[in-house]
Amino acid sequence: MALTRYPYKTSSVDPWRDLENMSSRLARFFDDSPLRTQDNGGSAWLPAVNVAETKEGLVLTAELPGMKEEDVSIEIENNVLTISGEKVEQRTEGEDERRYHVWERSYGAFQRSFTLPRTVKADEITARFDNGVLTVDLPKAAEAKGRRIEIAKG
């Protein structure tokens, strides 16, 4: 099925174009923001994070390419889970004369914080790091898990 544009316009206002323009302006604002610049000349970065819910709990995964387990810190305080670390740019001696034509990789410190729901057992949180992916398992308390209630006969 082919989509065709509706030929009749009642006004010259196009909400989709206006929304796209606003989105572009916001993106330019944050790209030019001084918050994006680090002391090392690289741009600030935040690792991509997914949070999924299972029957047993929440699973948080964060992409940390090029980092090692010892470069990452996970802390919990006042029911707030904080993941932080620093990705360091690797340079060898004599590379100061290197000219880059494309520079897209980001380096520097990062910090992500997540407020945990009351249903998470904070004392049973576990984490593992495999191939640049951090996985944090946040188990649910028993009262937060669903259960089936049998109807008594009679």
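For clarity, every value in this text was computed on a predicted model and none was experimentally measured. Because only heavy atoms are used, hydrogens play no part in the values below, and waters and symmetry mates are left out as well, while side chains stay in.
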Next item on the list: Take atom NZ of K68 as the centre, draw a 6.0 Å sphere, and report whether it contains more than 12 heavy atoms from other residues, nucleotides or ligands.
Entry: no
Item checked: Within 6.0 Å of CD in E70, more than 12 heavy atoms from elsewhere -> yes
Next item on the list: Would you check if the side chain of R112 reaches a backbone N or O of L46 as a donor-acceptor pair within less than 3.5 Å?
Entry: no
Notebook entry, point to check: Is there a donor-acceptor pair closer than 3.5 Å between any side-chain N or O of W45 and the backbone N or O of G108?
Noted result: yes
In the structure I gave you, are the side-chain heavy atoms of [X] and [Y] within less than 4.5 Å of one another anywhere?
X    : Y    : value
P117 : K140 : no
E63  : N50  : no
L116 : I125 : yes
V59  : T54  : yes

Check: What distance do M67 atom CE and E86 atom CD have between them, rounded to the nearest 0.5 Å?
Finding: 8.0 Å
Margin query: Return the CG to CZ distance between D71 and F129, rounded to the nearest 0.5 Å.
Written below: 7.5 Å
Next item on the list: Indicate if L138 and V80 have the same hydrophobic cluster label, given that clusters are the connected sets of ILVMFWY residues with side-chain heavy-atom separations under 4.5 angstrom.
Entry: no
Note to self: For a quick check under 3.5 Å, do T82 and S113 share a side-chain donor-acceptor pair by atom type?
What the structure shows: yes
Next item on the list: Would you check, one step at a time, whether the test side-chain contact (heavy atoms from CB on, under 4.5 Å) holds for L134 with I74?
Entry: CA-CA 10 Å; L134 174 69; I74 304 169; 3.8 Å; yes
Next item on the list: Report the C-alpha separation of R128 and D137 in whole Å, then their side-chain angles, then the decisive distance to 0.1 Å, and conclude whether the side-chain contact (heavy atoms from CB on, under 4.5 Å) test is met.
Entry: CA-CA 9 Å; R128 60 190 180 281; D137 293 307; 2.5 Å; yes
Next item on the list: Output, in order, the C-alpha distance, side-chain angles, deciding distance and verdict of side-chain contact (heavy atoms from CB on, under 4.5 Å) for V49 and I83.
Entry: CA-CA 11 Å; V49 172; I83 301 169; 5.8 Å; no
Item checked: Residue from T135, D130, N131 passing side chain to side chain contact (heavy atoms under 4.5 Å, CB included) with V133 -> T135
